[in-house]
Amino acid sequence: QVQLVESGGRLVQAGGSLRLSCAASGRTVSRYAMGWFRQAPGKEREVVAAINWSGGSTYYADSVKGRFTVSRDNAKNTVYLQMNRLKPEDTAAYYCAARYGSEWRIEIHEYDAWGQGTQVTVSS
């Protein structure tokens, strides 16, 4: 089983940028499609972005399309989420997740392993 640790979350002003990292250990991340999810207080967890095993195919939720970029470096066993033009409504705990297999999915139940989350707070 792969273990995941997110980092990079912090308080940032609206319009700013952050890059989240998700470091994998235990198994090589290249065997996994990866997803980024977020959960705001009182709301359900939702998919933000996803990427296939090679990085050649990605998905973005409509709410972040054009502002967020998901990428991966399999040699470093790390997945990234670059977040630009942040908005207060992006405030949430952000989680990375791993799905054993080559292709991404957007359903939460499709993912086999989860990190502990990193908090992103965007002030207005």
Review point. Which pair of heavy atoms, one from A98 and one from L4, lies closest together, and at what distance?
Key: N-CD1, 3.7 Å

Practice item. Calculate, to the nearest 0.5 Å, the distance between atoms CG and CZ belonging to D112 and R27 respectively. Key: 10.0 Å

Revision key, fill the gap. Hits for salt bridge (Lys or Arg N to Asp or Glu O under 4.0 Å) against E110, two or more places apart or cross-chain, chain-then-number order -> R99

Review point. Do Y59 and V47 touch side chain to side chain, with heavy atoms closer than 4.5 Å?
Key: yes

Point to revise | Atom of V120, atom of M83 and distance for their closest heavy-atom approach | key: CG2-CE, 3.8 Å

Review point. Less than 4.5 Å apart, any side-chain heavy atom of Y80 and any of D73?
Key: yes

Review point. With no hydrogens and no angle check, is any side-chain donor or acceptor of T91 less than 3.5 Å from a backbone partner on V122?
Key: yes

Review point. CD of E44: more than 12 outside heavy atoms within 6.0 angstrom?
Key: no

Check your understanding: Which atoms form the tightest heavy-atom contact between T118 and G8, and what is the distance?
Key -> OG1-N, 4.1 Å

Review point. Taking a hydrophobic cluster as the set of Ile, Leu, Val, Met, Phe, Trp and Tyr residues connected by side-chain heavy atoms closer than 4.5 Å, whether directly or through intermediates, do V79 and V64 fall within one such cluster?
Key: yes

Review point. So, N84 versus S17: side-chain donor-acceptor pair below 3.5 Å or not?
Key: yes

Review point. Side-chain contact, heavy-atom cut-off 4.5 Å: I108 with R45?
Key: yes

Exercise for review: Please say whether more than 12 non-hydrogen atoms of neighbouring residues, nucleotides or ligands are located less than 6.0 Å from NZ in K65.
Suggested key: yes

Exercise for review: Drop me the distance from N77's CG to Q3's CD, to the nearest 0.5 angstrom.
Suggested key: 11.0 Å

Review point. For the hydrophobic clusters of this structure (ILVMFWY residues joined by side-chain heavy atoms under 4.5 Å, transitively), does one cluster hold both V48 and W104?
Key: no

Review point. Any side-chain heavy-atom pair from T121 and R10 closer than 4.5 angstrom?
Key: no

Exercise for review: For atom CZ of R105, decide whether the heavy atoms of other residues, nucleotides or ligands shown that lie under 6.0 angstrom number more than 12.
Suggested key: yes

Exercise for review: Check whether any side-chain N or O of Q116 sits under 3.5 Å from a backbone N or O of V5 as a donor-acceptor pair, and report yes or no.
Suggested key: no

Revision key, fill the gap. Residues 11-54 vs ring pair (Phe, Tyr, Trp, His ring centres under 6.0 Å), sequence neighbours excluded, gives Y32-Y100, F37-Y111, F37-W114

Point to revise | Pairwise distance CZ(R19) to OG1(T69) - rounded to 0.5 angstrom | key: 11.5 Å

Study note, to complete from the structure: Sorted by chain and residue number, the salt bridge (Lys or Arg N to Asp or Glu O under 4.0 Å) partners of R67 (sequence neighbours excluded) come out as D90

**Study point:** For the student: nearest non-hydrogen atoms of S124 and P88, plus distance
**Key:** CB-CG, 3.8 Å

Point to revise | Single-linkage hydrophobic cluster L86~Y95, side-chain heavy atoms < 4.5 angstrom | key: no

Check your understanding: Once you round to the nearest 0.5 Å, how far does CE of M34 lie from SG of C96?
Key -> 4.5 Å

Review point. Once you round to the nearest 0.5 Å, how far does CZ of R72 lie from CD1 of I51?
Key: 6.0 Å

Practice item. Please check if any side-chain donor atom of R38 sits under 3.5 Å from a side-chain acceptor atom of Y94, or the reverse. Key: yes

Practice item. Report the distance from atom OG of S123 to atom CD of Q13, rounding to the nearest 0.5 Å. Key: 5.0 Å

Point to revise | Donor-acceptor contact below 3.5 Å, side chain T78 vs main chain K76 | key: yes

Review point. Looking only at atom types and distance, does a side-chain atom of E103 sit under 3.5 Å from a main-chain N or O of N52, one as donor and one as acceptor?
Key: no

